[in-house]
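Every chain is numbered from 1 and lettered A, B, ... according to where its sequence line falls, protein lines coming before strand lines.
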Amino acid sequence: MIWAWGALAFWLAATLVNGWLAQNHGRNRAVRLFIPALFGVTLLLIWEGMVRGLGVSPVILPPPSMIGSRIAESLPVLWVDFSQTILKGALSGYLIGCGAAVAVAVLIDRSPFLQRGLLPVGNFVAALPIVGIAPILVMWFGFDWQSKSAVVVVMVFFPVLVNMVAGLKATDVLQRDQMATWSASYWQGLAKMRFPAAMPFLFNGLKIATTLALIGAIVAEFFGSPTRGMGFRISTAVGQLDLPLVWAEIAVAALAGSAFYGLVALIEKGVTFWHPSQRGRA
Amino acid sequence: MKSVLPILTVLMALVVLWYGATVLLNAQWTRDQAARAGVEVGFSEILRDTLSQTRPKLPAPHQVVAELWQSTWMEEVYGRRGIVQSGTLSNRSLIYHGWVTLSATMLGFAFGTGLGILLAVGIVHSKAMDLSVMPWAIASQTVPILAIAPMVIVVLASIGIKGLIPKAIIAAYLSFFPVLVGMVKGFRAPDAMQLDLLKTYNASRVGTFWRLRLPSSVPYLFASLKVGIAAALVGTIVGELPAGASAGLGARLLSGSYYGQTIQIWAALLAAATLAAGLVMIVGAVERVVLGRMGMRA
């Protein structure tokens, strides 16, 4: 019980510290990083304390310390799964899907007719449970990473397409007239003005697509995979009630997801440095 | 209304593409069968056969529609286990599976929306919560939670929580985030002038919340509800994937993929798509009525 009470006491103390810090030093940059960090540590400590203090079986919920040691001892397995699912499946699908979406967006941008027809359909498809096509694509492309990649392509295509089309429309008449007075050709106008203007919208879609890519690659593995990969490992480890390994995979997935998202956000910061939303956060 | 023609054109093009792909993808099987039987097949035979295989690689649209009709209307009205003859929904009909999925979705959606709104209220009113919860709420969405949904189901089942609740938890987790982000934006939508006006009226924080922040957040609420309900449906379907689940559209997908019943998979997919579209449309209709009553969109 000492563990549980200790965790609760720490929680109370951390909440008070956070409240005080936010009230008095909310503008300080280091404090703004420290507050969420303390909150995260508190969550982990409550988890550890509750699991130990209340004697929860590790089959149901292993404490974070157990998961940590499991990560340390199964690094090779985790790396194999990581490269199979994330590097081969998710990343290749992400690049192909986003590239195709941008290309199609540029193509249909020239035809208002296609835009009026494709956009509602695209918006509709973006709301559909696309993961559902995973079993079909696994049937078509086999068990290896190609089928996972195909699922990811389909999943990321529509969100990026819809955002990119919206982005290509983001320039106003005045700016387009300006290009016309400089007698810029269609392609010059596209490269010099409309593409850069579309970037904030495009990155919006790209950021949504990062999470979708990971989800698609992992879920597709539930429908059949070679004997490696994060989805495969999760489903087999659940079967063996090896919960620490499952949580280790989840931790890797979470880290990879956050890193992927952070990377795209970082690129966005570099590319769209001129946009008000980026300038404000100096 | 001027966009009806383009949409129809695109849809027609999709159907034509679909039929073309059906012939292409299934032709190999037809040729193999013919070669094994030692007969030559012409183009017209290939065309006829590829569109009517029982386990095609890609079923033709009319096959999927026929399966949908078969597993909804025909099953319920004429089937031995249908609602007409037995009084309960048949467990072979998509109506039954769709209902299972829909009820879990709605439960999770309600949970998620409630949680999202409550957190948003806390974040708007407490600086400490804003600084500590918001980064983690964002981080929680970069975790591919959907990918571990089946595990959550299995673990919850092992401690005795079964049925709707585990699926609803996944759905709630997925739908709370859009609502949270939208509502934080919505509660902060009133500008300084409006807030100052309420201050001159000597309004309390509670009064400000009910009279100003809540009404001005309604458009944001509906925008995020549309995203949230679609996310909740996806969460429920993936939550139905583990082998233990025997009901729901996700279970239909999985059993179809185990037994190679492609037509069944596509029918379940189409049912899920219809469900998603219907739910989003209902939210949109409620939005129009509510906003119209509030005088925001005349």
A/Leu43, part contacting chain B, at a heavy-atom distance under 4.5 Å: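 Contact with chain B involves no heavy atom of A/Leu43 at all.
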
Which portion of B/Leu25 sits near chain A, non-hydrogen atoms under 4.5 angstrom: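 Contact with chain A: side chain only.
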
Heavy-atom proximity to chain A below 4.5 Å, by part of B/Leu8: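 Contact with chain A: none, neither part.
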
Step through the shown structure and confirm whether more than 12 heavy atoms of other residues, nucleotides or ligands are within 6.0 Å of [atom1] on [X].
| X | atom1 | value |
| --- | --- | --- |
| B/Tyr259 | OH | no |
| B/Trp99 | CH2 | no |
| B/Lys185 | NZ | no |

A/Ile136 side chain near B/Leu269 side chain, heavy-atom distance below 4.5 Å: yes

For chain A, the option from B/Ile237, B/Leu14, B/Thr9 that forms the most heavy-atom pairs under 4.5 Å: B/Thr9

